[in-house]
Number of protein chains: 2
Amino acid sequence: MKKQYKSLYPRNVAVEQGRPLNYCGIRCCLEVLGGKWKLLIIAELFGGTRRYSVLKRAIPEISEKMLISSLQELEFHAIVVRKVVEAVPPQVEYSLSAYGQSVSPVLETLLGWGEGHISQYSDKIFN
Amino acid sequence: MKKQYKSLYPRNVAVEQGRPLNYCGIRCCLEVLGGKWKLLIIAELFGGTRRYSVLKRAIPEISEKMLISSLQELEFHAIVVRKVVEAVPPQVEYSLSAYGQSVSPVLETLLGWGEGHISQYSDKIFN
DNA sequence: ATACCTACTTACAAAAATATCAGTACCCTG
DNA sequence: CAGGGTACTGATATTTTTGTAAGTAGGTAT
């Protein structure tokens, strides 16, 4: 990984006791799990180890760039594990780390709330 | 409210059974609760009813525009309630609706995971 | 009379996120 | 030997999100 992970909290914010002012668990989640694709990728990986090309086909709307960069950030945060299989053509397998499994309740809760919201307010969402 | 809420899912996506292809609870959450400020505002409102100016002071880094527009979207989605108090100077109170209280587990779970993540990986986050 | 408070709105600018697309290296198949 | 598959990288463009700053209206305090 040449690419350096870039922390999302602004640099001009004061730092207190080792963390930026008002940095909290929610901001951390938004930083680590937020964005358009990461939770969807994680959800897919809860189904098991997936090769790059399989992930791509599982989430067809995602661009390769976003898929790769999301995977790289998740790997940086120790949530996913990247494993190269020496083969021709090359294979790279992505899976959730043991730590990555800890995202499960987050995913479940969000999914549950979201599905409930859709069923109550689909008219507002899909207007 | 003149401002029309704009759904975040792309219009060019095929719709199946009343919802866009691959639309799921997670995407719904990202749409309704996502963004930089909404969950923080909700967290603040879990502390009770707050006037606009009080919210502003509670989250000092937020711009007025973001505060207002976040509140408006949350109101649109029936999560917060806006109440005008006839007084001089004018007062507007924001609070969570009964439905808005249902976000509680989402908030708790995210906060919990995030705080845990910070304590394990603060070196990676605050590099 | 001037400044200031409230809860906003609006136009515009900047920044950040995401998309598009071409290119890479390797080998394999027809 | 052309074409295709794999897992990427990098430049650039577009879109989306967020920020800045000024303005509004009615009233109050100085």
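Protein chains get the first letters and strands the later ones, always in sequence-line order, with residue 1 at the start of each. A quick note: this is a predicted structure, and the numbers were derived from the prediction, not measured.
Atom CG of A:L67 is separated from atom P of D:dT6 by 13 Å (rounded to the nearest Å). Across the protein-nucleic acid pair, B:K56 atom NZ and D:dG19 atom P stand 15 Å apart, rounded to whole Å. Atom CZ of A:R50 and atom P of D:dT6 are 16 Å apart (whole Å). A straight line from CD1 of A:I59 to P of C:dA19 spans 12 Å, rounded to a whole angstrom. The CD1-C1' distance, from A:I68 to C:dT20, rounds to 16 Å in whole Å. The separation between A:W37 atom CH2 and D:dT15 atom P is 16 Å, rounded to whole Å. Rounded to an integer number of Å, the gap from B:I62 CD1 to C:dC8 P is 13 Å. As rounded to whole Å, 9 Å separates atom P of C:dA7 from atom CG of B:L55.
A:S53 has a side-chain polar atom (N or O) that falls below the 4.0 Å cut-off from OP1 or OP2 of D:dA7. Put simply, A:R82 has a side-chain N or O that comes within less than 4.0 Å of OP1 or OP2 on D:dC8. The side chain of B:K65 contributes no N or O atom lying less than 4.0 Å from OP1 or OP2 of C:dC12. A sub-4.0 Å separation between OP1 or OP2 of D:dT6 and a side-chain N or O of A:R57 is present. Contact check, B:Q72 against C:dC8: no side-chain N or O comes under 4.0 Å of OP1 or OP2. Considering only side-chain N and O atoms, A:Y94 lies under 4.0 angstrom from the phosphate OP1 or OP2 of D:dC8. Remark: B:R51 is not in phosphate contact with C:dT6, judged by side-chain N or O atoms under 4.0 Å from OP1 or OP2.
At a threshold of 4.0 angstrom between heavy atoms, the contacts of A:E64 include nucleobase atoms, whether or not backbone atoms are also involved.
Counting only N and O atoms by type, the side chains of B:Y94 and B:E44 include no donor and acceptor under 3.5 Å apart.
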Kindly indicate, with the supporting measurements, whether the criterion ring-ring contact (aromatic ring centres under 6.0 Å, His included) is fulfilled by A:Y99 and B:Y121. CA-CA 11 Å; A:Y99 178 64; B:Y121 293 105; 5.0 Å; yes
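Salt-bridge check for A:E64 with A:R57: failed, with every basic side-chain N at 4.0 Å or more from each acidic carboxylate O. A salt bridge links A:E61 and B:R27; the closest N-O separation between the charged side-chain nitrogens and carboxylate oxygens is under 4.0 Å. Between A:E73 and A:K38, at least one side-chain nitrogen of the basic residue sits less than 4.0 Å from a carboxylate oxygen of the acidic one, meeting the salt-bridge criterion.
The listed nucleotides are D:dG5, D:dT28, D:dA7; the one nearest the side chain of A:P89 is D:dG5.
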